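Everything below concerns the one structure shown next.
Nothing here was measured: the structure is a model prediction, and the numbers come from that model.
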Amino acid sequence: MNKITETDIELLAINELEQLGWHYLYGPQIACDGEFPERDNYQEVILKERLKAAIARINPSVSQQGQEEAYYKVLRIATTDLLQTNEAFHDFITNGITVEISSKEGTRGDKVFLLDSNNQANNEFVVINQFTVIENHQNKRPDLILLINGIPLIVIELKNPADEQATVQKAFTQLQNYKNAIPSLFHYNAFLVASDGLVAKAGTLSAAFSRFMAWKTKDGKQEASHIESQMTTLIQGML
């Protein structure tokens with residue numbers, strides 16, 4: 001009998017996400033040197049054309065000037081402090097981006113939203129594996145990146161349950177290593193997931209491992225059976 005591998009866990013997670021409506025992309029294909037490039041270089045973490053299209057789609061009443069201002073505010077959000085940058089982006093996501101529109105009548109403020117919370121079908125959900133990020137001469141490749149409207153909101157690190165040394169704690173530690181090595185990926189992060197394919201825990205960017213928790217329900221009403229994979233419950237209930 002063949003042993004289960006980390007790749008098997010990765011493909012299982014991708015398959016479950018696809019069943020929920022996430023669109024799968026293979027990282028090397030959309031890299032700057034890939035068959036269907038969507039990144040100008042390996043430091044870019046946002047799929048810019050998808051973000052630009054989403055802003056236009058979600059904010060049709062906002063002028064092109066306003067849409068472009070919001071787009072560049074997202075791209076240029078970085079500060080020297082990762083958590084401060086992430087907090088600023090959280091405000092963008094929850095409250096929209098304030099832009100100024102100039103016209104003959106003067107200047108007025110407007111709001112641009114990055115997600116459509118009223119119509120889920122108006123958002124684009126993408127899961128990518130083998131997504132290489134190079135920053136400060138560090139080359140890293142987290143297992144799964146989940147993007148909504150071109151923005152990498154969720155990072156998932158997987159370990160092999162057949163390996164006794166490959167624990168959820170080690171997946172969490174790997175996520176912390178990524179934060180230090182390629183912080184730009186986490187400017188836009190909503191939450192992190194660490195899993196060994198069976199046990200799965202989610203937490204925020206600044207949370208210690210003790211604050212990472214399992215997701216308990218698939219439908220928000222009934223607690224999932226303890227014999228079911230926590231990873232499946234988390235994907236179906238949280239993602």
Side-chain angles (χ1 to χ4, degrees), residues 1-27 90 93-94 115-131 140-149 151-179 185-186 188-239:
M1 182 176 176
N2 293 331
K3 283 188 176 181
I4 193 167
T5 67
E6 194 172 306
T7 300
D8 295 328
I9 302 298
E10 189 176 289
L11 294 176
L12 179 63
I14 291 169
N15 182 59
E16 290 187 340
L17 287 162
E18 284 186 299
Q19 290 179 36
L20 293 174
W22 292 79
H23 175 62
Y24 169 63
L25 294 175
Y26 181 49
H90 179 74
I93 284 286
T94 53
L115 305 178
D116 192 331
S117 56
N118 298 314
N119 178 13
Q120 182 171 299
N122 210 21
N123 299 302
E124 182 187 45
F125 299 85
V126 168
V127 53
I128 305 179
N129 66 340
Q130 306 292 315
F131 189 87
K140 299 296 180 183
R141 194 173 59 197
D143 289 324
L144 296 177
I145 312 288
L146 275 61
L147 303 93
I148 303 179
N149 298 337
I151 306 168
L153 295 183
I154 301 149
V155 179
I156 301 176
E157 185 65 17
L158 303 168
K159 294 298 179 186
N160 182 358
D163 182 351
E164 291 181 3
Q165 305 300 315
T167 63
V168 174
Q169 170 86 58
K170 289 200 171 177
F172 169 83
T173 300
Q174 184 75 300
L175 289 168
Q176 307 314 300
N177 293 338
Y178 292 149
K179 277 166 50 178
L185 177 63
F186 299 91
Y188 310 96
N189 187 260
F191 58 89
L192 308 169
V193 176
S195 177
D196 66 2
L198 299 174
V199 176
K201 296 178 182 292
T204 59
L205 193 63
S206 60
F209 183 64
S210 61
R211 303 293 294 176
F212 269 57
M213 299 293 174
W215 197 255
K216 298 291 188 180
T217 174
K218 291 181 180 179
D219 59 9
K221 299 172 185 176
Q222 185 175 354
E223 190 165 321
S225 167
H226 69 278
I227 63 173
E228 289 192 78
S229 158
Q230 286 183 6
M231 188 65 189
T232 294
T233 300
L234 185 145
I235 288 174
Q236 295 187 15
M238 195 177 189
L239 302 178

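- Applying the ring pair (Phe, Tyr, Trp, His ring centres under 6.0 Å) rule to Y24 yields no partners; only residues at least two apart in sequence or on another chain are considered.
- Donor-acceptor pairing under 3.5 Å is lacking for the side chains of D116 and N123.
- The side chain to side chain donor-acceptor pair (under 3.5 Å) check on Q230 picks up nothing, with sequence neighbours excluded.
- Although no hydrogens or angles enter the test, the distance criterion places a donor-acceptor pair under 3.5 Å between the side chain of T217 and the main chain of Q222.
- Not counting sequence neighbours, the partners of N177 by the side chain to side chain contact (heavy atoms under 4.5 Å, CB included) test are T173, Q174.
- By the side chain to side chain contact (heavy atoms under 4.5 Å, CB included) test, A13 pairs with L144, M231, I235, sequence neighbours left out.
- With sequence neighbours excluded, no residue forms a side chain to side chain donor-acceptor pair (under 3.5 Å) with Y26.
- With sequence neighbours excluded, no residue forms a side chain to side chain donor-acceptor pair (under 3.5 Å) with N118.
- Screening residues 118-131 for salt bridge (Lys or Arg N to Asp or Glu O under 4.0 Å) gives R50-E124 as the qualifying pairs, with residues at least two apart or on separate chains.
- Not a single side chain to side chain contact (heavy atoms under 4.5 Å, CB included) links M213 to another residue, sequence neighbours left out.
- Within the structure, side-chain hydrogen bond (donor to acceptor under 3.5 Å, both in side chains) pairs that include any residue of residues 12-21 comprise E16-T232 (at least two apart or interchain).
- Identified under the salt bridge (Lys or Arg N to Asp or Glu O under 4.0 Å) test for residues 200-228, with sequence neighbours left out: K218-E228.
- Take S117 and apply the side chain to side chain contact (heavy atoms under 4.5 Å, CB included) test, not counting sequence neighbours, and it matches no residue.
- With sequence neighbours excluded, the residues that form a ring pair (Phe, Tyr, Trp, His ring centres under 6.0 Å) with F125 are W22.
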